[in-house]
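One structure below.
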Amino acid sequence: MWGMEGSMQENKGQKQAIEHKDGPMLVLAGPGSGKTTVITQRTKRLIEECGVKPERILVITFTKAAAQEMKERFEKLMGGIRANVNFGTFHAVYFKILKYAYNYDASCIIREEERYQFFRDLIGKLELDIEDEKDFIEGIGSEISLVKGERVDLEHYYSMNCSEENFKKIFRAYEQMLRSTNKIDFDDMLLLCYELLVARQDILQLWQQRYEYILIDEFQDINRVQYDIIRLLAKPQDNLFIVGDDDQSIYRFRGAKPEIMLNFEKDYPDCKRVLLDINYRSQANIVEAAGRLVSHNAKRFPKDIRTVHEAGERVITREYQDVKAQNEALVRELLEYRNAGGAYRDIAILYRTNTQPGALVEKLMEYNIPFKMRDALPNIYEHWIARNLIAYIKLALGNTERALYLQIMNRPKRYLSRDAFDSAEVDLEKIKAYYWREGKGYVVEKIDKLVYDLKLLRKTNPYAAINYIRRVIGYDDYLREYAQFRRINEEELFDMLAQLQEAAREYPDFGSWFAHMEEYKEELKRQSEQKNQPDRDAVVLMTFHAAKGLEFERVYIVDANEGITPHHKAVVPEDMEEERRMFYVAVTRAKQQLIVSYTKERYNKKQEVSRFVPELVTNPEAFVEGAIVRHRVYGIGTILQCREGKISIQFERENRIRTMDLSFCIQNHILEEAKS
């Protein structure tokens with residue numbers, strides 16, 4: 001029988017895909033629908049029933065780990081026989097082509113640490129005042145990949161990380177470095193391969209003959225250059241078998257183009273399409289909720305995904321006053337689940353960005369709940385904003401290190417120069433004398449104010465100290481200026497600042513706060529060391545992105561608020577659809593139970609529930625005359641009329657009829673079915 005391993009149910013969609021032989025085919029594979037089974041079974045059939053030579057088959061995945069897993073699954077299916085099928089990533093396959101043509105070897109590829117160091121040095125040469133160096137370099141690296149991958153004219157590119165002038169300088173300097181050292185990066189690998197195959201028909205024909213059948217997994221994540229090369233390699237037979245889910249395309253920031261998959265049938269008019277529409281992972285209520293959510297995206301293939309499982313428990317949504325209340329409730333539930341005999345490893349806590357779970361991690365540490373993280377969790381106390389705050393406090397406590405003064409001397413602006421700080425230990429009286437000699441009395445006034453502020457800081461506690469640094473010393477103003485310079489939303493910086501301040505509230509003095517920082521650092525170190533212990537019974541924490549391809553008995557999605565998910569950076573419709581796809585990926589990780597929570601406020605700022613929550617749990621078709629509903633404010637009521645987008649409800653509590661806009665009620669999550 002076809003189907004996922006362990007399932008005895010025949011699946012017509014899988015059978016149709018596996019038995020396809022020649023020509024292009026598009027396989028739409030919903031979550032938990034057995035796409036790996038389809039790829040490996042079809043590969044086996046091509047060899048054993050269609051007489052295709054194994055070396056003529058190419059199977060492409062997006063990561064090295066996925067390629068290895070696919071290869072192992074295939075060899076197991078073949079009974080341990082090592083058929084010479086080509087399994088690899090796009091980069092591995094394309095680099096192989098370049099190796100044969102240009103005699104490239106691994107030493108020609110620039111190492112990530114070389115690349116990083118080059119950007120660090122360049123930032124110094126250009127005298128860019130960058131605080132968040134790691135984030136900046138990652139952002140610039142992604143932008144360079146985007147420009148290369150999309151073959152964008154540099155003159156018409158608008159940078160998201162710095163001014164256009166600086167981006168052009170960085171881009172050109174980087175390209176010059178690559179050429180002068182005879183190196184290529186991963187983007188060059190694709191571009192050079194494409195240029196080679198276009199220019200040399202003889203080489204192209206050799207590889208076309210080598211790869212007679214091409215199968216691609218996770219096709220929704222392909223970018224333009226990767227696709228252009230694949231189209232060349234697949235000719236003239238076009239035996240191109242693509243498997244993916246446009247609803248799970250979540251890598252636009254890396255250049256992935258879901259439109260390529262959506263337009264595949266236009267590029268190949270004789271393409272056959274099959275839908276793997278049975279979800280073997282999740283309970284029916286989760287599958288139906290996920291379908292409602294993603295149906296709000298306009299640019300997608302319509303799908304009706306079914307499941308082999310029962311309805312199961314309803315999707316639960318919860319509102320909390322703030323992040324602290326959310327975390328405390330979550331910890332209580334984790335302990336109850338474990339005490340009832342459940343395993344921690346069956347639970348995943350998912351969030352939009354890896355800066356979110358800092359407070360939750362501290363709460364898990366407090367209750368000795370074991371956890372592990374798929375992503376490396378940034379230590380919030382090592383964030384540059386935290387380092388600035390700590391520098392102020394250490395100086396207030398009497399430390400005179402030059403490095404500490406250099407961190408805060410112009411945050412906010414005091415017009416101080418590094419040249420004035422010419423010794424390892426700083427004497428501010430000498431610094432004042434330096435500026436008197438320079439005739440800059442206004443700078444001396446700034447130093448006097450700093451001395452006064454440091455004296456007052458010494459007498460406070462951690463929470464009050466941060467408040468003083470922000471409001472009185474003027475650190476908030478500095479952050480606003482920096483956000484403008486870096487072209488980032490100032491809210492990102494203020495959220496980090498608020499998180500640090502809220503965490504500091506727990507500690508009565510600086511000594512206990514610093515001791516906690518050391519404990520936190522050691523715990524993260526332990527987490528890193530335990531990363532390769534897959535059997536450890538621990539709650540799993542990860543971002544939506546990292547959760548892709550995984551599954552868990554119970555899934556918690558936290559911080560389901562506007563500005564977080566969808567992220568505040570999502571401004572154009574394409575971005576918003578990608579955000580919804582990310583939420584969809586998170587939702588579809590759950591097998592038995594899904595709990596989604598959001599807060600009314602976050603670090604003293606009012607929050608709105610994410611638009612994805614009502615899309616997930618509310619079925620507009622349920623709002624018909626006679627239906628019993630629950631309003632967030634007015635309680636239980638009966639629908640008397642629903643016409644032209646307006647809904648009239650008779651409420652029990654106040655014995656009156658209210659008429660409201662239905663879409664407004666749904667979008668704001670204030671109206672739901674009242675199920676008994």
Side-chain angles (χ1 to χ4, degrees), residues 4 6 29-36 62-63 65-66 69 217-218 220-221 244-251 276 278-294 297 303 305-309 311-318 330 333-334 337 342-354 356-357 360 371-375 534 537-560 564-566 578-598 610 612-613 615-617:
M4 289 189 73
S33 62
K35 64 186 178 64
T36 302
F62 274 80
T63 67
E69 183 187 347
D217 188 21
E218 303 284 9
Q220 74 277 353
D221 295 329
D245 183 2
D246 54 302
D247 290 332
Q248 295 187 71
S249 178
I250 58 173
Y251 293 107
L276 304 186
I278 299 179
N279 180 312
Y280 291 91
R281 175 187 298 152
S282 306
Q283 298 282 19
N285 278 333
I286 294 170
V287 172
E288 289 168 12
R292 279 196 296 270
L293 167 76
V294 80
N297 273 359
K303 306 175 192 72
I305 304 295
R306 299 171 289 131
T307 178
V308 296
H309 299 294
E313 297 187 45
R314 289 180 64 196
V315 172
I316 297 170
T317 61
R318 292 187 181 138
L330 185 47
E333 282 205 23
L334 294 176
Y337 184 83
Y344 281 135
R345 68 169 64 87
D346 292 336
I347 297 174
I349 301 171
L350 308 183
Y351 35 83
R352 171 63 179 83
T353 69
N354 68 352
Q356 285 170 245
L360 175 59
F371 62 94
K372 54 187 174 184
M373 293 167 288
R374 183 75 179 261
D375 326 77
D537 187 30
V539 178
V540 181
L541 276 64
M542 65 179 78
T543 61
F544 296 170
H545 279 104
K548 192 166 181 286
L550 303 177
E551 58 183 41
F552 302 90
E553 295 298 319
R554 179 185 287 196
V555 167
Y556 289 90
I557 297 176
V558 295
D559 301 330
I564 298 175
T565 176
E578 174 122 325
E579 291 289 322
R580 187 174 284 107
R581 291 193 294 267
M582 274 187 261
F583 203 83
Y584 175 76
V585 165
V587 165
T588 53
R589 301 310 96 197
K591 296 168 69 176
Q592 298 288 335
Q593 191 170 24
L594 174 67
I595 301 103
V596 181
S597 63
Y598 54 95
S610 167
F612 301 150
V613 173
E615 292 175 0
L616 181 72
V617 299

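Below, all heavy atoms of this structure are taken into account, side chains as well, without hydrogens, waters or symmetry copies.
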Less than 4.5 Å apart, any side-chain heavy atom of [X] and any of [Y]?
X    : Y    : result
V558 : I349 : yes
V540 : F371 : no
R281 : T307 : no
I347 : Y556 : yes
T565 : Y351 : no
I557 : V587 : yes
K35  : D217 : yes
P566 : S610 : yes

Do you know which two heavy atoms are closest between [X] and [Y], and how far apart they sit?
X    : Y    : value
R318 : I595 : NH1-CG2, 3.6 Å
A29  : L276 : CB-CD1, 3.9 Å
V287 : I305 : CG1-O, 3.6 Å
G30  : Q248 : C-NE2, 4.3 Å
A547 : M542 : CA-SD, 3.2 Å
D346 : F552 : O-CB, 3.6 Å

* side-chain hydrogen bond (donor to acceptor under 3.5 Å, both in side chains) partners for Q592, two or more places apart -> Q283
* To do: Please work out which of the three classes, parallel, tilted or perpendicular, describes the rings of F583 and F544, given edges at 30° and 60°.
  => perpendicular
Spatial distance of atom [atom1] ([X]) from atom [atom2] ([Y]) [nearest 0.5 Å]:
X    : Y    : atom1 : atom2 : result
M582 : T543 : CE    : OG1   : 9.5 Å
N279 : H309 : CG    : NE2   : 7.0 Å
T36  : E69  : OG1   : CD    : 6.0 Å

* Asked: Does any donor atom in the side chain of N297 or R580 lie under 3.5 Å from an acceptor atom in the other side chain?
  -> yes
* To do: Give a yes-or-no answer on whether the side chains of D245 and Q220 include a donor-acceptor pair shorter than 3.5 Å.
  => no
Report yes or no: does [X] contribute a side-chain atom to a donor-acceptor pair with the main-chain N or O of [Y] at less than 3.5 Å?
X    : Y    : value
Q356 : T353 : yes
D537 : Y344 : yes
S249 : D246 : no
R554 : L594 : no

SB check [X] [Y] (cutoff 4.0 Å):
X    : Y    : result
E553 : R345 : no
D247 : K303 : yes
D221 : K548 : yes

* Asked: Can you name the residues that form a ring-ring contact (aromatic ring centres under 6.0 Å, His included) with Y598, not counting sequence neighbours?
  -> H669
* Can you name the residues that form a salt bridge (Lys or Arg N to Asp or Glu O under 4.0 Å) with R589, not counting sequence neighbours? -> none
* Between Y251 and H545, does the ring centre distance come in under 6.0 Å? -> yes
